Amino acid sequence: MPENPSGVRQSQRPSGGADAGLRLRRWFSLSGVIPLGAFLVVHVAANARALRGDDAFMAAARAFERIPALGLIEALLVFVPLAFHSVVGLWLVIARRPLAQPSPYPPGLRIAVRATGVLSLVFLAMHLPELRFRTPGNRLGGAELLTALAADLSSTWHGIPWRGAAYLCAAGCVTFHFAAGLWGFVASTWPGVDPRGRSLRRGAAWAAAALGLSLWLLLTNVVVLHATGAPLVGTPDRAPASTEPCPAPQ
């Protein structure tokens, strides 16, 4: 069978009837990789400021508040693409259809990607109304966010911090889903599909795993900080409590 100069057999090229499905799969992958990656990186960078103290976290929150049309930017670049990704992803799960044929994932990893995607969606459905949309029409300030996070993540039921544990599990699901989706996107491109692109797939797998693990460790450190008052790794950079006696009541 003749081959084109790129080394990919002509029969492997998508036919005209498959173009729409290919474009849908590509937009589905991009809508998860780009907005979820941007959301994760910005989210981690802003919340990691809490490791340097409350003032640093509140300064980061004020910097975000000064961005013009921040709500519109979030809606167009984060929430709308993630909503599209969630709808198509749920349809693939319910219909039991693979994203690509053949799938770049082994069967076990494919199940893990879909399971973590559903769990990530459940977490976002809990997390966004709890913090981002806690007060309709208004954003919580830095001090309000710190208070809400400390109260929510340190709360216990029968002595167990269930909400903090849920955040830790959710952080693992979100970062794993993002890292696996990033690798799957690279592996589904023509260089990744080419049998000669094995080194590219292997390098992309290591890079995605390192990025996902780094994001998860940072998120874990921040969750533990809000839940306990001290990070899992490092020394809290917070002002010590005052030892002055309380003033006499008026």
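Throughout, numbering of the chain's residues begins at 1 and tracks the sequence. It should be emphasised that the depicted structure is a prediction, and the values quoted were computed from it without experimental measurement.
- Connection of Leu30 to Phe79 is established within a shared hydrophobic cluster, with ILVMFWY side chains joined at heavy-atom distances below 4.5 Å, either directly or through further cluster members.
- Taking both residues in full, the closest heavy atoms of Pro161 and Gly159 are given as CD-O, 4.0 Å, listed atom of the first, atom of the second, then distance.
- No path of Ile, Leu, Val, Met, Phe, Trp and Tyr side chains, each step under 4.5 Å between heavy atoms, connects Val88 with Val93, placing them in separate hydrophobic clusters.
- Remark: the backbone N or O of Ala180 is paired with a side-chain donor or acceptor of Tyr105 at under 3.5 angstrom.
- In this structure, Leu218 is a member of the same hydrophobic cluster as Leu182, with clusters built from ILVMFWY side-chain heavy atoms closer than 4.5 Å.
- In this structure, the separation between CD1 on Ile67 and CG on Leu72 is 12.5 Å, given to the nearest 0.5 Å.
- Separating the CD1 atom in Ile160 from the OG atom in Ser155 is a distance of 12.0 Å, to the nearest 0.5 Å.
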In residues 32-48, what donor-acceptor pairs under 3.5 Å come from side-chain atoms, sequence neighbours left out?
| unit_1 | atom_1 | unit_2 | atom_2 | d |
| --- | --- | --- | --- | --- |
| Asn47 | ND2 | His43 | O | 2.8 |

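- The nearest pair of heavy atoms linking Ala227 to Leu153 is CB-O, 3.5 Å.
- Nearest heavy atoms, Leu76 versus Val80: O-CB, 4.3 Å.
- A distance-only check finds a donor-acceptor pair linking the side chain of His177 to the backbone of Val113 [under 3.5 Å].
- Sorted by first then second residue, the salt bridge (charged side-chain N to carboxylate O under 4.0 Å, His left out) pairs that include residues 146-156, not counting sequence neighbours, are Arg134-Asp152.
- A side-chain donor-acceptor contact under 3.5 Å links Trp162 to the backbone of Trp157.
- Checking side-chain atoms of Trp183 against main-chain N and O of Arg201 turns up a donor-acceptor pair under 3.5 Å.
- To the nearest 0.5 angstrom, Leu145 atom CG is 11.0 Å from Phe64 atom CZ.
- Pairs of residues two or more places apart, or lying in two chains, that qualify as salt bridge (charged side-chain N to carboxylate O under 4.0 Å, His left out) and include a residue from residues 161-180 are Glu130-Arg163.
- In this structure, a donor-acceptor pair under 3.5 Å is present between the side chains of Tyr167 and His127.
- To the nearest 0.5 Å, atoms CG (Leu215) and CG (Leu211) are separated by 4.5 Å.
- Interatomic distance, Leu124 CG to Leu119 CG, rounded to the nearest 0.5 Å: 11.0 Å.
- Grouping the Ile, Leu, Val, Met, Phe, Trp and Tyr side chains by contacts below 4.5 angstrom, directly or via other members, places Phe178 with Phe123.
- At least one side-chain heavy atom of Trp27 sits under 4.5 Å from a side-chain heavy atom of Phe84.
- Using bins of under 30°, 30° to 60° and over 60° for the plane-to-plane angle, the ring pair Phe28/His85 lands in the parallel bin.
- When all heavy atoms of Ser31 and Leu82 are compared, the pair lying nearest together is O-CD2, 4.1 Å.
- Looking at Arg114, its side chain does come within 3.5 Å of a backbone N or O of Leu92 through a donor-acceptor pair.
- Pairing each heavy atom of Ser120 with each of Thr116, the nearest pair is OG-O, 2.6 Å.
- Shown here for Ala75 and Pro81, the closest heavy-atom pair between the two residues is O-CD, 4.2 Å.
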Practice task
Show the numbers, then the answer: is there a side-chain contact (heavy atoms from CB on, under 4.5 Å) between Glu65 and Leu70?
Solution key: CA-CA 7 Å; Glu65 292 171 0; Leu70 178 59; 6.0 Å; no

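- Under the 4.5 Å side-chain heavy-atom criterion for ILVMFWY residues, a single connected hydrophobic cluster contains both Leu128 and Val223.
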